[in-house]
Amino acid sequence: MSRPLGITVSRHIMDSQRLHPEATGDLTGLLNELIVAAKTISAEVNMAGLADILGMSGKTNIQGEHVQKLDEFSNNTIKRRMARCGYLCAMTSEEEADIIPVAEGYEGKYTLAFDPLDGSSNIDVNVSIGTIFSIHRRRSPDGGPGEEADLLQPGRDQVAAGYIIYGSSTMLVFTTGDGVHGFTLDPSVGEFYLSHPDIRIPEKSKYFSVNEGNWNYWQEPVRRYLEYLKEEDKATGRPYSARYIGSMVADFHRNLIAGGVFLYPRDGKDSTKTYGKLRLLYEAAPLAMVVEQAGGKAVTDDGRRILDIVPDDLHQRVPVVIGSSKDVDTFLDFTNGKK
Ligand code: AFP
């Protein structure tokens with residue numbers, strides 16, 4: 001079988017760089033390093049089902065080596081590779097409480113926020129999981145280690161954002177502010193090839209993704225919106241269908257391609273709660289940049305644009321409504337009291 005002469009992700013990134021004569025190549029280098037980390041994680045995720053058979057799910061494998069859990073492995077893979085890539089000044093990860101420094105002498109001009117393995121509760125049941133990333137230009141002067149303030153920047157200032165989904169195939173979807181492009185990994189040659197150029201999310205959909213188990217904890221406008229989506233009305237394409245996997249990357253990716261609205265509103269299990277479950281820096285903000293670049297919208301459950309939120313904590317949580325623009329607009333009609 002002859003293989004198509006596809007556009008590799010490295011070629012695509014370099015071609016995009018050529019459109020910006022002022023570019024130094026640092027962002028290109030950074031993305032390429034991240035892609036190597038993603039391929040390493042992808043290979044390990046694909047082995048997950050064999051873990052018990054090969055004796056790799058316990059603390060020691062058949063060679064007697066210490067074996068890490070997949071989320072720990074993913075975190076360490078990204079952290080170690082990126083600490084010496086020479087393009088970053090600081091990182092933050094879902095798996096680590098504090099800012100992650102880069103190796104001394106390797107400080108660069110960008111920051112990286114990442115969720116190494118989102119949806120990790122789905123690993124054992126062979127359901128899609130993913131890595132999410134967000135890149136900003138540092139604010140502190142170049143040279144020397146970065147500070148927390150370099151990471152606490154609003155999503156609108158991201159220079160690149162995206163995710164890798166480990167599903168029936170491994171896909172990389174990302175934006176550098178010039179549209180959203182998707183690449184599928186050919187594992188036999190270890191390359192990501194451009195498979196989904198210039199992704200546009202359908203303007204209006206017929207799917208919603210939400211954990212309805214939290215219904216009793218939601219605020220009134222959220223409940224009324226969900227009730228509305230479930231009512232029958234042929235003219236507006238209702239009722240909608242439900243699709244919920246419980247891995248944000250997988251739910252988001254499905255909606256990006258097929259259209260849909262994903263919600264994780266504040267759930268008020270604790271009456272003081274003004275946030276949901278999802279984290280701003282490495283879940284909500286990067287996916288908000290992707291969705292906006294694809295023509296969709298991302299807001300909080302009280303109608304604020306996710307990309308405009310200025311974080312005050314590395315692990316800040318935020319309520320999220322994200323997806324097809326008209327579906328998010330309809331949600332806003334409920335929060336604004338128009339419906
Ligand atoms: P885990 O990584 O703990 O599985 O959490 C995944 C996640 O942050 C996000 O990917 C899902 O959309 C969301 O949680 C699902 O949360 P619920 O289980 O509360 O619906």
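Heavy atoms only: backbone and side chains are in, while hydrogens, waters and symmetry mates are out. Model, not experiment: these values are computed from the prediction.
Closest approach of Gly155 and Ala285 over heavy atoms only: CA-CB, 4.1 Å. Closest of all the heavy-atom pairs between Ile306 and Pro319 is CD1-O, 3.8 Å. Across Pro311 and Leu280, no two heavy atoms sit closer than the pair CB-CD2, 3.9 Å. In this structure, Pro202 and Ser324 approach most closely via the heavy-atom pair O-OG, 2.7 Å. Summarising the geometry of Leu185 relative to Ser42, their closest heavy-atom pair is CD2-OG, 3.7 Å, with the distance given to 0.1 Å. Contact detail for Val249 and Ile164: the closest heavy-atom pair is CG1-O, 4.2 Å.
Atom CG of residue Asp71 and atom CD1 of residue Ile123 lie 5.0 Å apart, to the nearest 0.5 angstrom. The structure places OG of Ser195 at 11.0 Å from CG of Asp186, a figure rounded to the nearest 0.5 Å. The CG atom of Leu263 lies 8.0 Å from the OG atom of Ser209; values are rounded to the nearest 0.5 Å. The OG1 atom of Thr335 lies 13.5 Å from the CD atom of Glu220; values are rounded to the nearest 0.5 Å. Distance check: Thr175 OG1 to Asp198 CG gives 9.5 Å after rounding to the nearest 0.5 Å. For the atom pair CG (Leu112) and CD1 (Ile78), the distance works out to 7.0 Å, reported to the nearest 0.5 Å.
Under a cut-off of 6.0 angstrom, the local environment of CZ in Arg238 is crowded, with over 12 non-hydrogen atoms contributed by other residues, nucleotides or ligands. Counting heavy-atom neighbours within 6.0 Å of Asp233 CG, excluding the residue itself, gives a total above 12. For Glu203, the CD atom counts as loosely surrounded, since its 6.0 Å shell holds 12 or fewer non-hydrogen atoms of other residues, nucleotides or ligands. The neighbour count for Arg223 CZ, taken as heavy atoms of other residues, nucleotides or ligands under 6.0 Å away, is above 12. Heavy atoms of other residues, nucleotides or ligands lying less than 6.0 angstrom from CD of Glu104 number 12 at most. Environment of CD in Glu231: crowded, with over 12 heavy atoms of neighbouring residues, nucleotides or ligands closer than 6.0 Å. With a 6.0 Å radius and a threshold of 12 heavy atoms from other residues, nucleotides or ligands, Lys206 has its NZ atom at or below the threshold. Counted within 6.0 Å of OH on Tyr217, heavy atoms from surrounding residues, nucleotides or ligands total 12 or fewer; the atom is thus considered open.
Residue Phe262 forms a side chain to side chain contact (heavy atoms under 4.5 Å, CB included) with just one option from Tyr207, Tyr244, Phe208, Phe252, and that option is Tyr244.
A salt bridge does not link Asp150 with Arg139: none of the charged nitrogens is closer than 4.0 Å to a carboxylate oxygen. Of the charged side-chain nitrogens involved, none lies within less than 4.0 Å of a carboxylate oxygen, so that Lys297 and Asp327 do not count as a salt-bridged pair. The pair Arg243-Asp251 does not meet the salt-bridge criterion, since no charged nitrogen lies less than 4.0 angstrom from a carboxylate oxygen. We find that Asp329 and Lys338 are not joined by a salt bridge, their nearest charged nitrogen and carboxylate oxygen being 4.0 Å or further apart. In summary, Lys79 and Glu96 engage in a salt bridge, as defined by a charged side-chain N under 4.0 Å from a carboxylate O. Look at Arg156 and Asp308 and you find a salt bridge, because one of the NZ, NE, NH1 or NH2 atoms lies within 4.0 Å of a carboxylate O, short of that distance.
A chain of hydrophobic side-chain contacts below 4.5 Å, direct or via other Ile, Leu, Val, Met, Phe, Trp or Tyr residues, connects Tyr240 to Val222. Note on Leu281: it does not cluster hydrophobically with Ile132, by side-chain heavy-atom contacts below 4.5 Å among ILVMFWY residues. One hydrophobic cluster, built from ILVMFWY side chains closer than 4.5 Å, holds both Ile309 and Leu278. Ile129 and Met248 end up in different hydrophobic clusters when Ile, Leu, Val, Met, Phe, Trp and Tyr side chains are linked at under 4.5 Å. Tyr163 and Val9 are assigned to two separate hydrophobic clusters, defined by single-linkage of ILVMFWY side chains at heavy-atom distances under 4.5 Å.
Inter-residue side-chain proximity for Tyr225 and Val261 is flagged as met; some heavy-atom pair is nearer than 4.5 Å. Between Val320 and Tyr275 the shortest side-chain heavy-atom distance does not fall below 4.5 Å. A 4.5 Å side-chain heavy-atom check between Gln158 and Ile135 finds every atom pair outside the cut-off. When side chains are defined from C-beta on, Thr131 counts as touching Tyr166, because their heavy atoms get closer than 4.5 Å. By the 4.5 Å heavy-atom criterion applied to side chains, Thr176 and Leu31 are counted as neighbours. Phe192 has its side chain out of reach of Thr8: every pair of non-hydrogen atoms, C-beta onward, lies at least 4.5 Å apart. Contact check for Val210 versus Pro265: side-chain heavy atoms found under the 4.5 Å cut-off. Residues Ile100 and Ser93 have side chains in contact (heavy-atom distance under 4.5 Å, counting atoms from C-beta outward).
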#### Entry: Stepwise salt bridge (Lys or Arg N to Asp or Glu O under 4.0 Å) test for Asp142 and Lys109
CA-CA 6 Å; Asp142 287 350; Lys109 64 184 185 207; 5.9 Å; no
### Query
Leu256 and Ile199: side chain to side chain contact (heavy atoms under 4.5 Å, CB included), yes or no, with the steps?
CA-CA 8 Å; Leu256 183 70; Ile199 297 172; 3.8 Å; yes
### Message
What verdict does the side chain to side chain contact (heavy atoms under 4.5 Å, CB included) test give for Val159 and His136, after you've listed the backbone C-alpha separation in whole Å, the side-chain angles of each residue and the deciding distance to 0.1 Å?
### Response
CA-CA 5 Å; Val159 294; His136 279 90; 5.8 Å; no
### Task
Report the C-alpha distance between Glu212 and Lys230 in whole Å, list the side-chain angles of each, state the deciding distance to 0.1 Å, and finish with yes or no for salt bridge (Lys or Arg N to Asp or Glu O under 4.0 Å).
CA-CA 12 Å; Glu212 283 202 73; Lys230 292 192 270 186; 2.8 Å; yes
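A side-chain donor-acceptor contact under 3.5 Å links Asp301 to the backbone of Arg266. A donor-acceptor pair is defined here as one N or O able to donate and one able to accept, closer than 3.5 Å; such a pair exists between the side chain of Arg200 and the backbone of Gln293. Side-chain atoms of Arg279 do not come within 3.5 Å of backbone N or O of Glu94 as any donor-acceptor pair. Although no hydrogens or angles enter the test, the distance criterion places a donor-acceptor pair under 3.5 Å between the side chain of Thr77 and the main chain of Phe73. Remark: side-chain polar atoms of His315 are paired, donor with acceptor, to backbone N or O of Ala97 under 3.5 angstrom. Under the 3.5 Å distance criterion, the side-chain polar atoms of Glu292 are left unmatched by any main-chain donor or acceptor of Met289. Judged purely by atom type and a 3.5 angstrom limit, His196 has no side-chain atom pairing as donor or acceptor with the backbone of Met171. In terms of modelled atom types and a separation under 3.5 Å, the side chain of Ser74 and the main chain of Leu70 share a donor-acceptor contact. At least one donor-acceptor pair under 3.5 Å links the side chain of Thr24 to the backbone N or O of Asp26. A distance-only check finds no donor-acceptor pair linking the side chain of Thr92 to the backbone of Leu314 [under 3.5 Å].
For Gln17 and Thr28, the side-chain atoms include at least one donor-acceptor pair closer than 3.5 Å. Looking only at atom types and distance, the side chain of Thr330 has no donor-acceptor partner in the side chain of Tyr228 under 3.5 Å away. Looking at Tyr282 and Asp118, their side chains never bring a donor and an acceptor atom within 3.5 Å of each other.
For Phe183 and His12, the ring centers are positioned less than 6.0 Å apart.
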